[in-house]
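The structure displayed is predicted, hence computed values, not measured ones. Values below: all heavy atoms of this structure, side chains included; hydrogens, waters and symmetry mates excluded.
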Amino acid sequence: MPFKAPVEDMLFVLNNLCDLDQISQMPGYEDAQPDMVEAILGEAAKFSQEVLAPLNKKGDQQGSTFAKGEVATPEGWREAYQQLVEMGWNSPKTGAEHGGMGLPSVVNASIQEMFTSANTSFMLAPLLTQGAIESIAGFASPQLQEVYLPKLVTGEWTGTMNLTEPQAGSDLAAITSKAVPQGDHYLISGQKIFITYGEHDMSENIIHLVLARLPNAPAGVKGISLFIVPKFMVNENGTLGDRNDVECISIEHKLGIHASPTCTMAYGTANGAIGYLVGEPHEGLKYMFTMMNAARLGVGLQGVGIAEHATQHAIDYAMERKQGQTPQGTAPSIMGHPDIRRMLGLMKSRTEAARVLAYRAAAAEDMAHKAMDAEQRAFFQRRLDLLIPVVKGWSTELCVDIASLGVQIHGGMGFIEETGAAQHFRDARITTIYEGTTGIQALDLVGRKIKRDQGAAAMELVHDMRETAQKASQRTDAHVDWSQVEHVAQSAAQAVEDVTRWLVQRNDHSPQAAAANVLELFGIALGAWAMADAAIAASDQLMIDKDNKFVRTKLKTVAFYNAQVYPKAAMLQQVIFDANDEVLNFNSNDFEVA
């Protein structure tokens with residue numbers, strides 16, 4: 001399963017569509033100049049291609065194994081992880097004050113994408129560790145930060161996120177894990193499920209972030225607190241002490257991501273697991289949302305990464321496989337068949353649009369944290385909040401579809417495990433589920449991100465989309481159909497505005513009934529905006545270098561997206577406006593099997 005990191009497209013997006021020049025001028029990001037970023041991505045590409053990608057299929061075949069509370073990762077996993085730690089790739093965006101590279105989030109997004117694309121199962125450990133770092137750095141006491149951050153940042157220790165329980169699922173109000181005060185710490189008891197890398201053999205310690213309830217805590221989500229619970233206790237001199245009362249009691253047998261251990265964790269089965277309160281009591285869910293938002297952006301990047309690898313895999317096969325007759329005669333390969341090129345066009349164009357959206361969310365995070373002006377920071381925080389559910393939901397749904405198309409292009413051989421196309425499909429399927437299902441992302445988008453601020457953040461996006469359309473309308477270079485680009489960009493802006501106004505005006509259950517369609521429409525429409533900006537940037541480069549194959553292909557990809565992907569937005573808009581309780585007026589009897 002060879003993989004080549006799409007560094008050229010990543011740099012095109014960073015430099016032309018994500019304001020990397022502006023971001024590199026902000027305090028702490030001065031080293032993120034284009035030449036330096038290109039060098040960093042070049043080294044990351046080598047690691048992804050030479051170390052991670054060769055382990056991907058092997059990891060899928062071997063999987064992680066469980067025996068007597070211990071998890072063994074596949075052959076080569078520990079050595080690759082040690083190399084990642086030594087090269088400083090564990091947490092590139094963490095600040096230098098904590099031992100990280102201090103790279104902008106938008107540059108880290110490129111690194112995350114290529115590592116995930118090369119080996120999704122492997123990259124889940126650093127992804128969760130990065131989230132733990134953000135939560136501890138943002139909310140834990142200086143004393144806890146001093147103990148836990150340095151080795152989490154290097155990757156010597158890994159981090160986990162322990163939210164749900166067997167009876168709770170996505171309803172965190174139903175969790176029952178307990179935290180009883182005892183001196184300067186708490187005794188944690190309870191069971192947590194679906195804990196990614198909750199137990200493994202790659203690092204010397206695992207730092208669990210655990211949601212639990214204090215005695216007499218309020219009911220519901222307002223009664224949840226957050227605790228640091230280490231696998232091994234940490235002595236005052238920083239060395240590791242006794243094993244904590246934390247145990248992995250099983251790992252799941254899954255459809256995909258076989259090498260990533262998904263653990264059931266038991267806390268306090270003997271004397272109580274020692275844990276330390278993060279921040280204030282009963283504020284745990286708020287603190288955990290920092291980790292969840294980081295993870296949601298990370299999973300959106302997983303969607304882009306898997307889609308990229310599946311697309312490369314399908315292109316390689318289509319270039320080599322000889323079969324059938326084309327309209328022009330015998331095909332040198334199946335690439336000569338129009339339907340193969342149609343499917344590959346869908347894969348390529350949607351992957352590239354999703355990449356821009358994910359990177360723009362990461363760039364918004366940089367601006368929200370580092371911009372000098374408070375108003376500007378607030379503006380970009382609103383944008384980040386709005387984009388997160390779209391990036392997570394749309395990117396992962398399309399990556400499942402793209403991986404499925406990859407299987408289809410392989411034909412019968414795609415259904416055979418040896419070709420590797422099926423692994424992309426199996427690995428992709430979890431991305432729409434963990435860190436909040438697509439339905440949860442959709443409800444978050446329409447409820448918390450659009451209706452709560454009366455559509456203000458969405459209308460700010462509409463303004464920027466119209467600016468792009470206006471720029472397209474002023475172009476005169478003949479190698480692009482600018483009337484099409486302008487029309488689609490204007491239509492996309494109008495669709496987002498119309499749907500936003502409709503949502504804000506509704507006071508019934510229609511927004512909930514329409515939520516999933518709203519999320520998909522936003523993804524497609526914002527993808528059209530991204531592609532219009534890409535067309536402008538590519539055209540500018542083409543006027544300087546008329547033989548630039550990359551930008552010529554980019555312009556073809558934009559035209560394909562506008563003609564083959566964007567038209568679905570009109571259908572979705574009509575479905576949204578027709579949404580009401582009557583449309584969903586089924587009851588349990590309607591689904592009974594005769």
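Arg360 contributes a side-chain N or O that, together with a main-chain N or O of Leu17, makes up a donor-acceptor pair within less than 3.5 Å. Here the side chain of Asn90 pairs a donor or acceptor atom with the backbone of Val153 at under 3.5 angstrom. At distances below 3.5 Å, at least one donor-acceptor pair connects side-chain atoms of Lys449 with backbone N or O atoms of Asp385. The closest donor-acceptor contact from the side chain of Thr129 to the backbone of Ala125 lies under 3.5 Å. In this structure, the side chain of Gln49 engages the main chain of Ala5 through a donor-acceptor pair within 3.5 Å. No donor-acceptor pair closer than 3.5 Å links the side chain of Thr116 to the backbone N or O of Glu113. Side chain of Arg355 to main chain of Met10: no donor-acceptor pair is present (N/O by atom type, distance under 3.5 Å, no hydrogens or angles). For the pair Asp453 (side chain) and Ala456 (backbone), a donor-acceptor distance under 3.5 Å is present. Although no hydrogens or angles enter the test, the distance criterion places a donor-acceptor pair under 3.5 Å between the side chain of Ser48 and the main chain of Ala45. Within the 3.5 Å criterion, the main-chain N or O of Thr120 finds no donor-acceptor partner in the side chain of Gln302.
Side chains of Gln130 and Glu134: no donor on one and acceptor on the other come within 3.5 Å. A side-chain N or O of Glu397 and one of Thr438 form a donor-acceptor pair less than 3.5 Å apart. Side chain to side chain, Gln541 and Asp545 fail the donor-acceptor criterion of an N or O pair below 3.5 Å. Between the side chains of Ser491 and Tyr566, at least one donor N or O sits under 3.5 Å from an acceptor N or O.
Closest approach of Asp21 to Pro34, counting heavy atoms only: OD1-CG, 3.7 Å. Shortest non-hydrogen contact noted between Ser260 and Tyr197 is OG-CE1, 3.4 Å. Heavy atoms only, all atoms of each residue included: Ser349 and Thr557 are closest at CA-CG2, 3.5 Å. Residues Ala472 and Val485 approach most closely at CB-CG1, 3.9 Å, considering heavy atoms. Closest heavy-atom contact between Gln112 and Met123: CG-CE, 4.0 Å. A pairwise comparison of heavy atoms in Phe3 and Ser117 identifies CE1-OG, 3.1 Å as the closest pair.
More than 12 heavy atoms of other residues, nucleotides or ligands shown are found within 6.0 angstrom of CD on Gln381. The local environment of CZ in Arg429 is sparse, with at most 12 non-hydrogen atoms from other residues, nucleotides or ligands closer than 6.0 Å. For Met87, the CE atom sits in a packed shell: over 12 heavy atoms of surrounding residues, nucleotides or ligands are nearer than 6.0 Å. Counting heavy atoms of neighbouring residues, nucleotides and ligands inside a 6.0 Å radius, atom CZ of Phe194 does not exceed 12 of them. Within 6.0 Å of the NZ atom in Lys451, the count of heavy atoms belonging to other residues, nucleotides or ligands exceeds 12. Around the CE atom of Met543, the shell of radius 6.0 Å holds more than 12 heavy atoms that belong to other residues, nucleotides or ligands. The neighbour count for Glu375 CD, taken as heavy atoms of other residues, nucleotides or ligands under 6.0 Å away, does not exceed 12. For Lys471, the NZ atom counts as loosely surrounded, since its 6.0 Å shell holds 12 or fewer non-hydrogen atoms of other residues, nucleotides or ligands.
Counting heavy atoms from C-beta outward, Phe522 and Trp394 have side chains that stay 4.5 Å or more apart. Side-chain contact between Thr158 and Leu128 is absent, with no heavy-atom pair separated by less than 4.5 Å. Taking the side chain as every heavy atom from C-beta outward, His98 and Ile136 never approach each other to under 4.5 Å. Within the 4.5 Å cutoff, the side chain of Asn56 has heavy atoms near those of the Gln423 side chain. Trp529 is not listed as a side-chain neighbour of Glu467, based on a closest heavy-atom distance of 4.5 Å or more. Considering only heavy atoms from C-beta on, His369 stays 4.5 Å or farther from Arg377 through its side chain. Counting heavy atoms from C-beta outward, Met335 and Leu344 have side chains that approach closer than 4.5 Å. With contacts defined as side-chain heavy-atom distances shorter than 4.5 Å, the pair Ser539/His479 qualifies.
Atom SG of Cys18 is separated from atom CG of Asp366 by 9.5 Å, given to the nearest 0.5 angstrom. Within the model, atoms CD1 of Ile440 and CG of Leu519 stand 12.5 Å from one another, a figure rounded to the nearest 0.5 Å. Once rounded to the nearest 0.5 Å, the distance linking CG of Leu301 with CD1 of Ile111 reads 11.5 Å. With rounding to the nearest 0.5 Å, the separation of CD1 in Ile340 from CD in Gln408 is 8.0 Å. Note that NZ of Lys392 and CG of Leu357 are 15.5 Å apart. Values are rounded to the nearest 0.5 Å. To the nearest 0.5 Å, atoms CD1 (Ile576) and CZ (Arg506) are separated by 12.5 Å.
Side-chain rings of Phe115 and Phe47 approach one another, their centers coming within less than 6.0 Å. Residues Phe550 and Phe12 place their aromatic rings such that the two centres sit under 6.0 Å apart.
For the pair Lys348 and Phe560, the cation-pi test (distance below 6.0 Å, angle within 45°) is failed.
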After noting the C-alpha distance and the side-chain angles of Glu365 and Asn293, does the key distance pass the side-chain contact (heavy atoms from CB on, under 4.5 Å) rule?
CA-CA 11 Å; Glu365 181 178 66; Asn293 274 337; over 6 Å; no

Let me see the working for Thr500 and Val462 under side-chain contact (heavy atoms from CB on, under 4.5 Å), right down to the final yes or no.
CA-CA 10 Å; Thr500 297; Val462 169; 5.5 Å; no

I would like to know whether Leu14 and Leu41 meet side-chain contact (heavy atoms from CB on, under 4.5 Å); could you show each step before the answer?
CA-CA 11 Å; Leu14 291 174; Leu41 296 193; 3.9 Å; yes

Begin from the C-alpha positions of Val107 and Leu20 and carry the test side-chain contact (heavy atoms from CB on, under 4.5 Å) through to its verdict.
CA-CA 9 Å; Val107 177; Leu20 182 60; 4.0 Å; yes

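Ring planes of His309 and His424: tilted class, angle from 30 to 60°.
Between Glu486 and Arg475 there is no salt bridge, since no side-chain nitrogen of the basic residue lies less than 4.0 Å from a carboxylate oxygen of the acidic one. Using a 4.0 Å cut-off between charged nitrogen and carboxylate oxygen, Arg448 and Asp444 count as a salt-bridge pair. A salt bridge is defined here as a Lys NZ or Arg NE, NH1 or NH2 lying under 4.0 Å from an Asp or Glu carboxylate O, and Asp498 with Arg501 fails to meet this definition. Salt bridge annotation for Lys554-Asp9: present, with a cationic side-chain nitrogen under 4.0 angstrom from a carboxylate oxygen.
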